[in-house]
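Letters A, B, ... mirror the listed sequences (proteins, then strands); counts begin at 1.
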Amino acid sequence: MPSLAAPGFDLDLTLRSGQFFRFRPDGDGFLLVDSGRVLRLRPQGDRIEYRGGTAAHVRRLLGLDADHGAALAALRRDPLLAAVLPRYAGMRIMTQDPWVCLVSFVCSSMSNMKRIQGNVEGIARAFGPALEDGIHDFPGPAALPAGALAPIRLGWRERFVAGLFARVDPARLHALAARPFEEARAALMELPGVGPKVAECVMAFSLGFGEACPVDVWIRRVGRRLWFRNRRVPDRRIADRFRATFGRHAALAQQIWFQAVRDGVPVGQAPR
DNA sequence: CGTAGACCTGAGGT
DNA sequence: TACCTCAGGTCTA
């Protein structure tokens, strides 16, 4: 089985951090689906063994191309993040297919990981081409027959997802990666069901915008406590503060805090 | 411009 | 069992 170098990378942590939903445990590793490939990954010391795709694909998907040393150095400049960093230094920002990412996070509003994962898998199973037995690729956008999404049980997100399937041009979506931050963000927010939070998720987790910072309820809490004396402030100010502090590593900082607070790690306690 | 409600559904707790 | 609450927001008034 081929393998690639991944020093200090925590596959389990990264996959379970809610950036990407098309994975499941598989033996002592994981099975992932991305961009028409079924990838089987297994951590093996400081390497990742892989099957089903190219090293370049795996490295890109898992975020292993980034200069992680530089990122960690940037994160350590903030003492509060530095305090929790030892536990989360193995986190990476993934770069998945933008179209799948977009649909996934539109499905994510007021939902939970388990249900989001079920919704995404359901769409793939119902409409995507089979890759292997029982494993389907995610379908590309195409107008779906009215009511086709009903069995997926998306609730009130259904009309948004239907709108995406009818309207999105994947090539144009992909091309946003080369546009300036504000332009890409504004373009995404014109899509149905896409507000600031989802837009920055797509930018961070699929378009390579390291300065993106999705502000959800958890990050809102963290941000207020860390920098605004627990006062109510607009989400935009929180995201801007992440960017001012961590620059192009804001997305990684955000993802680490997100995981940390969900793990119950106390926030804002300076290291003693 | 900032602020309430509404919006489907299913999992988890009592 | 039959409720009750809540979950990675967005849209509209």
Taken to the nearest whole Å, CG/A/N119 to C1'/B/dC8 is 11 Å

Separation of B/dT9 atom P from A/K114 atom NZ, nearest Å, is 18 Å

When rounded to whole Å, the CG to P distance for the pair A/L149 and B/dT9 reads 13 Å

Between B/dA6 and C/dT5, how far apart are the two P atoms, rounded to whole Å? 15 Å

Using a heavy-atom cut-off of under 4.0 Å over every strand shown, decide if A/P196 touches base, sugar-phosphate, or nothing. sugar-phosphate

Quick note, A/R153 side chain, CB onward, closest among B/dT9, C/dG9, C/dT10 is B/dT9

Here the distance between atom P of C/dA7 and atom CZ of A/F258, to the nearest Å, is 12 Å

Checking B/dT9, C/dC11, B/dC7 against the side chain of A/W156 (C-beta onward), the nearest is B/dC7

Open item on the list: Please classify the nucleic acid contact of A/V106 as base, sugar-phosphate, or nothing, using heavy-atom distances under 4.0 Å.
Closed with: nothing

Quick check: A/F205 with A/F21 (ring centres under 6.0 Å apart)? no

Under 4.0 Å, heavy atoms only, any strand: does A/Q19 hit a base, just the sugar-phosphate, or nothing? base

query: So does A/R248 have more than 12 non-hydrogen atoms from other groups sitting under 6.0 Å from CZ?
result: no

Separation of B/dC1 atom C1' from A/R236 atom CZ, nearest Å, is 15 Å

pair_partner(C/dC4), Watson-Crick or wobble, both distances < 3.5 Å, evaluates to B/dG12

Gap in Å between the two P atoms, one belonging to C/dT10 and one to B/dG10, rounded
22 Å

Ranking B/dT3, B/dT9, C/dT10 by distance to the side chain of A/R115, first place goes to B/dT9

Rounded to whole Å, CZ of A/R221 lies from P of C/dG9 at a distance of 10 Å

Here the gap from A/M1 atom CE to A/I48 atom CD1, rounded to the nearest 0.5 Å, amounts to 10.5 Å

Taken to the nearest 0.5 Å, the spacing of A/L149 CG from A/I123 CD1 works out to 6.0 Å

So for A/R157 and C/dT10, does any side-chain atom that can act as donor or acceptor lie under 3.5 Å from a complementary atom in the base? no

Comparing nearest nucleotides in DNA chain B, the 5'-proximal residue of the pair A/P234, A/G155 is A/P234

Given ring-ring contact (aromatic ring centres under 6.0 Å, His included), test A/F246 with A/W257 step by step and report yes or no. CA-CA 13 Å; A/F246 303 108; A/W257 271 126; 8.9 Å; no

Of A/F160 and A/P214, the one whose nearest nucleotide on DNA chain C sits closer to the 5' end is A/P214

- Show the numbers, then the answer: is there a ring-ring contact (aromatic ring centres under 6.0 Å, His included) between A/F127 and A/F138? CA-CA 7 Å; A/F127 306 109; A/F138 197 82; 9.2 Å; no

- For A/E200, answer base if it contacts any base atom (sugar-phosphate contacts may also be present), sugar-phosphate if it contacts only those atoms, and nothing otherwise; contact means non-hydrogen atoms under 4.0 Å. nothing

Using a heavy-atom cut-off of 4.0 Å across all strands, would you classify A/S104 as base, sugar-phosphate, or nothing? nothing

In whole angstroms, the gap separating C1' of B/dT9 from CD1 of A/I152 amounts to 14 Å

Separation of C/dT10 atom P from A/R185 atom CZ, nearest Å, is 10 Å

Closest to the side chain of A/R232, out of B/dT3, C/dT10, C/dG9, is B/dT3

